[in-house]
Amino acid sequence: ECDDGNPCTDDSCDPAAGCANPNNPAPCDDGDSCTDDACDSALGCHSMDNSSDCDDGNACTTSDTCAGGACVGGAAPDCDDGNVCTDDSCDPSSGCVTADNEEACEDGDPCTGTDSCVVGACLGVYLVDECCGDPDSSGGVGVSDALRILQNAVGMDVVCPLALCDVNGNGVVTSSDALMTLIVAVGGELEMECSLLEPLPELDTQP
């Protein structure tokens, strides 16, 4: 048996001299990318730690490098998508993950009340109050506000910012905006907020 168990020697048998194990320059590989492998006649196939780039197989680490003969993950990726209506997290197998939430938010529109997240977007409910339902700037919702909105709706020359008269927030001033305001002004059962998703039907202004 002439096998010396050293991959860095060539093992053979000579009928006259017996076993021979001369050194060889064969490469060796321990299968670890974080070690540099070399053949040595005394040590056999031996490895030295390196600091190469590597991949630890975790999608929630970045800039992985070799340290101490092992692949070490770096900093976590930035999974913040800048959207307050999503919860951001990281899955080790797939990376950044976002999920819609229903948190309170701010849509930046002064004519909406309590805004909330819906399907990943911040949506507000337009208010019939001093902001969107008080065109005469009296500080309250009155019949004159409804009249002024109706005058805007039928094209009369009334100086009033669109934001003040567009009560339901659909981008135009119509008779339905006047109706909403009038119901509030006379103490009707219309709540002080009118959903953008379900605007009231427009009034028929034709004779």
Side-chain angles (χ1 to χ4, degrees), residues 29-36 47 49-135 141 145 149 152-153 160-181 183-184 188-202:
D29 185 358
D30 63 0
D32 187 346
S33 62
C34 288
T35 60
D36 294 327
S47 305
D49 297 344
N50 63 37
S51 57
S52 301
D53 294 337
C54 58
D55 184 354
D56 65 356
N58 185 345
C60 293
T61 61
T62 63
S63 303
D64 305 333
T65 55
C66 292
C71 190
V72 178
D78 182 6
C79 290
D80 185 1
D81 62 0
N83 184 352
V84 297
C85 289
T86 59
D87 295 326
D88 308 319
S89 60
C90 191
D91 184 306
S93 62
S94 59
C96 291
V97 178
T98 60
D100 297 341
N101 63 42
E102 297 180 355
E103 302 292 333
C105 57
E106 174 55 62
D107 66 357
D109 188 341
C111 287
T112 58
T114 302
D115 308 323
S116 59
C117 293
V118 179
V119 195
C122 187
L123 297 181
V125 176
Y126 277 77
L127 302 176
V128 185
D129 61 6
E130 292 80 12
C131 180
C132 288
D134 183 24
V141 179
D145 296 306
I149 293 173
N152 270 4
C160 176
L162 176 64
L164 295 180
C165 294
D166 179 20
V167 177
N168 64 11
N170 64 358
V172 293
V173 177
T174 64
S175 54
S176 66
D177 298 304
L179 175 60
M180 291 179 193
T181 304
I183 291 174
V184 173
E189 294 184 356
L190 181 70
E191 301 236 353
M192 290 293 283
E193 52 185 21
C194 309
S195 174
L196 279 174
L197 302 178
E198 299 179 2
L200 292 178
E202 296 182 9

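Along the sequence shown, residues carry numbers from 1. Computed from a predicted structure; not experimentally measured.
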Residues pairing under side chain to side chain donor-acceptor pair (under 3.5 Å) where one sits in residues 66-81, two or more places apart or in two chains, turn out to be Asp81-Thr86

Rounded to the nearest 0.5 Å, what separation is found between the [atom1] atom of [X] and the [atom2] atom of [Y]?
{"X": "Ile149", "Y": "Asp177", "atom1": "CD1", "atom2": "CG", "result": "6.5 Å"}
{"X": "Asp145", "Y": "Met180", "atom1": "CG", "atom2": "CE", "result": "15.0 Å"}
{"X": "Asp55", "Y": "Thr61", "atom1": "CG", "atom2": "OG1", "result": "7.0 Å"}

Got a sec, which residues hit side-chain contact (heavy atoms from CB on, under 4.5 Å) with [X], two or more places apart in sequence or on another chain?
{"X": "Thr35", "answer": "Asp30, Asp32, Asp37, Ser47, Asp49"}
{"X": "Ser52", "answer": "Asn50, Cys66"}
{"X": "Ser116", "answer": "Val118"}
{"X": "Asp91", "answer": "Ser93, Ser94, Val97"}

Report yes or no: is the SG-SG distance between Cys117 and Cys85 under 2.5 Å?
yes

Hey, what do you get for Cys60 versus Cys90: SG atoms under 2.5 Å apart or not?
yes

Has Asn152 got a side-chain atom pairing as donor or acceptor with Val173's backbone, closer than 3.5 angstrom?
no

Within the side chain of Asp64, is there an N or O that forms a donor-acceptor pair under 3.5 Å with the backbone of Asp56?
yes

With sequence neighbours excluded, what pairs up with Asp100 under the side-chain hydrogen bond (donor to acceptor under 3.5 Å, both in side chains) test?
none

side-chain hydrogen bond (donor to acceptor under 3.5 Å, both in side chains) partners of Asn83, counting only residues at least two apart
none

